[in-house]
Amino acid sequence: VDYEGGVRSWEDGHLAKVFDESSVYVRLRPSESGRVSLDELNTIGGFAEYTSSNSIMQKVKPKIYQIIWVFR
């Protein structure tokens, strides 16, 4: 299971407008306060995409560990 991930799309939300033409990469990992079973964690692992409204993602409470901002 890949326990780390990143933001792939801002879904035309507020941050999409703030970042405009810049490229911002946000890397995430589960927080220590997230309470999920290994079985639940395995359902969101790998290279698939999940929305922030996914109930297991909300339980994981991902936290940012790296931000890369490329200005153009």
Side-chain angles (χ1 to χ4, degrees):
V1 175
D2 179 8
Y3 290 113
E4 298 182 354
V7 175
R8 185 168 171 93
S9 171
W10 302 109
E11 296 290 328
D12 294 323
H14 178 73
L15 291 179
K17 295 174 183 90
V18 170
F19 296 141
D20 195 28
E21 294 183 20
S22 300
S23 295
V24 176
Y25 304 96
V26 176
R27 304 279 320 261
L28 307 166
R29 65 173 49 125
S31 72
E32 294 176 15
S33 65
R35 302 280 187 238
V36 295
S37 69
L38 186 55
D39 287 339
E40 289 175 311
L41 201 54
N42 285 334
T43 66
I44 59 168
F47 293 102
E49 293 183 19
Y50 305 95
T51 65
S52 59
S53 63
N54 179 291
S55 62
I56 295 175
M57 287 299 289
Q58 291 176 355
K59 287 174 71 174
V60 166
K61 299 180 182 179
K63 67 178 182 177
I64 296 170
Y65 74 91
Q66 183 180 48
I67 298 173
I68 301 168
W69 197 329
V70 180
F71 296 92
R72 298 201 172 140

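The first residue of the sequence shown is numbered 1, and numbering continues consecutively from there.
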Under the side chain to side chain donor-acceptor pair (under 3.5 Å) test, residues paired with Thr51 that sit two or more places apart: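 Applying side chain to side chain donor-acceptor pair (under 3.5 Å) to Thr51 gives Ser53.
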Residue list, side chain to side chain donor-acceptor pair (under 3.5 Å) with Lys63, at least two apart or on another chain: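 Residues passing side chain to side chain donor-acceptor pair (under 3.5 Å) with Lys63: none at all.
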Least distance between heavy atoms, Val70 atom then Tyr25 atom: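 For Val70 versus Tyr25, the nearest heavy atoms are CG2-CE1, 4.1 Å.
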Minimal non-hydrogen separation, Glu40 against Lys59, with atom names: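 For Glu40 and Lys59, the tightest heavy-atom pair comes out as OE2-NZ, 2.6 Å.
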Met57 side, atom CE; Thr43 side, atom OG1 - distance, nearest 0.5 Å: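 Here the rounded value is 10.0 Å.
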Side chain to side chain contact (heavy atoms under 4.5 Å, CB included) assessment of Ile68 paired with Val24: CA-CA 6 Å; Ile68 301 168; Val24 176; over 6 Å; no
Check: Gln58 side chain, Ser52 main-chain N or O, donor-acceptor pair, under 3.5 Å: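 Side chain of Gln58 to backbone of Ser52: a pair is present.
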Co-membership, hydrophobic cluster, residues Val60 and Tyr65, 4.5 Å side-chain: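 No, no single cluster joins them.
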